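Notes follow the structure.
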Amino acid sequence: MAGVLDGVRVLDLSRILAGPWSTQLLADFGAEVIKIEKPNQGDDTRSWGPPFIENNDGKESAYFLSANRGKKSLTLDFTKQEGRDIIYKLVESCDIFVENFKYGGLQKYGLDYNKISAINPKIIYCSITGFGQTGPLKARAGYDFMIQGMGGLMSVTGNMEDGVNDSEPQKTGVAVADLFTGLYCSNAIIAALFNCEKTGFGQYIDISLLDSQLAILANQAMNALVSGKAPKRLGNAHPNIVPYQVFNVGDGHLIVAVGNDGQFIKFCKIIGCAELSNDTRFITNADRVKNREILTPLLAAKMSKKNKDQWIDLFEKSAVPCGPINDIKQAFENDQVKSRKMQLELPHPTLGTVPSVASPVNFSNNPIEYKTAPPTLGQHNNHILKDILNLNDAEINNLTKNNII
């Protein structure tokens, strides 16, 4: 069955994570994604490991496998004119062009938006940079870790600042600045594609890691803008909701996420302190946020009396949100996750099969079909050069001889 983006062709000059994450989503949705890679080297993440999956026929890093499913790999040296000529030919039949070079990095090769759009006015050209196409930092390289720091996320991530057990600010366990930038890119690209259908013209999309990082601060950004004060680190506590945190229980830890006053009344009754829900200091959520330092120790003392499974059973019966803290292996072993088929096994040309994580998107009429694993380096050279560009064997051999592919 055709995907929702069937017939859309993407020329992908991005590498590492933000760009590949975006184009992998487009590939999941049915687009044909041609990934341009440096000959004999490829995407940097091919070497980012361990862990690797390998056998006598090949080797791929887990990192590369995470963000390149469903794509076609073409090795191409576009620093040479012959390589650029191939890109120009591909652009004629492409709908989308994605790149994440530094500001102005492709202009010297004649691969900037002005040149590409002159070849194909309908092209959607998406540039991903650390800081965007304007501003005093536009020429600076940006990496997820430094963006999490500059963009404020690390200031609210990590153990609570209590003056006693302060720890350094923490980044998140995955590269969220990259990942959210990739998702913003996909949204913008699809919106621009829809607009192109109406107007007949493509456009340029400028997306930066820093802008995306600020955008996903959500309520924390508004907390700062409304109050005029920078939010502090609260560990696993929530800045706007109490109790919404991790509690120590008899055999480990448990998350409790009490989202409204009605749930708080039920929560207090279950843990054996119903009187707290009638205490004027804790009746409303605003009261509880204001008095969290008083309330939290009272709740924590009660929560330590039972084990995790006992609490989960009691809370679930009364619809009080709660849950365990699983490691990633345990998360994929969860019956709900298994029922949603979130873990995939994809055929790979040299490794047999490789694991993958499914898209969370489920279309009713055009379900996603996971056909191919991330490609080996240059796996589709002949297919793209022969079947799409109609080059003959002699021309391909000449490109190989001159180290263009």
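No hydrogens, no waters, no symmetry mates; every other heavy atom, side chains included, goes into these values. Because the structure is predicted, anything quoted here is derived from the model rather than measured.
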- Full working for side-chain hydrogen bond (donor to acceptor under 3.5 Å, both in side chains) between Asn398 and Glu395: CA-CA 5 Å; Asn398 191 54; Glu395 290 171 314; over 6 Å; no

Taking all non-hydrogen atoms of both residues, which atom of [X] and which atom of [Y] are closest, and how far apart?
{"X": "Gln148", "Y": "Val174", "value": "NE2-O, 3.7 Å"}
{"X": "Val176", "Y": "Gln213", "value": "CG2-OE1, 4.5 Å"}
{"X": "Lys38", "Y": "Leu377", "value": "O-CD1, 4.2 Å"}
{"X": "Val258", "Y": "Val320", "value": "CG2-CG1, 4.4 Å"}

- Query: With sequence neighbours left out, which residue pairs that include part of residues 327-378 fulfil the ring pair (Phe, Tyr, Trp, His ring centres under 6.0 Å) condition?
  - Reply: Phe29-Phe363

- Yes or no on salt bridge (charged side-chain N to carboxylate O under 4.0 Å, His left out) for Asp12 and Lys71, after CA distance, side-chain angles and deciding distance? CA-CA 9 Å; Asp12 182 8; Lys71 303 176 185 179; 3.7 Å; yes

- Message: Quick one, Leu391 with Leu399, criterion side-chain contact (heavy atoms from CB on, under 4.5 Å). Give me CA distance, side-chain angles, the key distance, then yes/no.
- Response: CA-CA 10 Å; Leu391 300 187; Leu399 291 170; 3.8 Å; yes

Does a salt bridge link [X] with [Y], judged by any charged N lying under 4.0 Å from a carboxylate O?
{"X": "Glu32", "Y": "Lys72", "value": "yes"}
{"X": "Asp43", "Y": "Lys35", "value": "yes"}
{"X": "Asp393", "Y": "Lys386", "value": "yes"}
{"X": "Lys317", "Y": "Asp313", "value": "yes"}

State, without any angle test, whether [X] and [Y] hold a side-chain donor-acceptor pair at a distance under 3.5 Å.
{"X": "Gln24", "Y": "Asp28", "value": "no"}
{"X": "Asn240", "Y": "Asn219", "value": "yes"}
{"X": "Ser186", "Y": "Ser22", "value": "yes"}
{"X": "Asn100", "Y": "Arg15", "value": "yes"}
{"X": "Asp287", "Y": "Thr284", "value": "yes"}

Whether over 12 other heavy atoms sit under 6.0 Å from [X] [atom1]:
{"X": "Phe315", "atom1": "CZ", "value": "yes"}
{"X": "Glu333", "atom1": "CD", "value": "yes"}
{"X": "Asn55", "atom1": "CG", "value": "yes"}
{"X": "Lys80", "atom1": "NZ", "value": "yes"}
{"X": "Asp387", "atom1": "CG", "value": "yes"}
{"X": "Leu225", "atom1": "CG", "value": "yes"}

- May I ask you to establish whether Lys115 and Tyr88 are in a cation-pi arrangement, using a distance under 6.0 Å from NZ or CZ to the six-membered ring centre and at most 45° from the ring axis?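 The answer is yes, since Lys115 meets both limits relative to Tyr88.
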
- Determine, for Phe264 and Arg288, whether the Lys NZ or Arg CZ falls below 6.0 Å from the six-membered ring centre while staying within 45 degrees of the axis.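 Yes, cation above the ring, under 6.0 Å and within 45°.
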
Once side-chain hydrogen bond (donor to acceptor under 3.5 Å, both in side chains) is applied, do any residues pair with [X], and if so which ones, sequence neighbours excluded?
{"X": "Ser93", "answer": "Arg9"}
{"X": "Glu37", "answer": "Arg46, Ser73"}
{"X": "Lys138", "answer": "Tyr103"}
{"X": "Asn307", "answer": "none"}

- Task: Please check if the side chain of Asn260 supplies one atom and the backbone of Gly262 the other of a donor-acceptor pair under 3.5 Å.
- Result: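 Confirmed, Asn260 side chain pairs with Gly262 backbone.
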
- Item | From CA spacing to verdict: side-chain contact (heavy atoms from CB on, under 4.5 Å), Leu193, Asp95 | CA-CA 8 Å; Leu193 197 62; Asp95 305 282; 4.2 Å; yes

- Message: Parallel, tilted or perpendicular: which one describes the rings of Trp48 and Tyr63, with boundaries at 30° and 60°?
- Response: perpendicular

What donor-acceptor contacts under 3.5 angstrom involve side-chain atoms of residues 120-128, with partners at least two apart or in another chain?
residue, atom, partner, partner atom, Å
Asn120, OD1, Lys122, N, 3.0
Asn120, ND2, Val91, O, 3.1
Asn120, ND2, Cys94, O, 2.8
Tyr125, OH, Leu111, O, 2.7
Ser127, OG, Glu99, OE2, 2.5
Ser127, OG, Tyr204, OH, 2.9

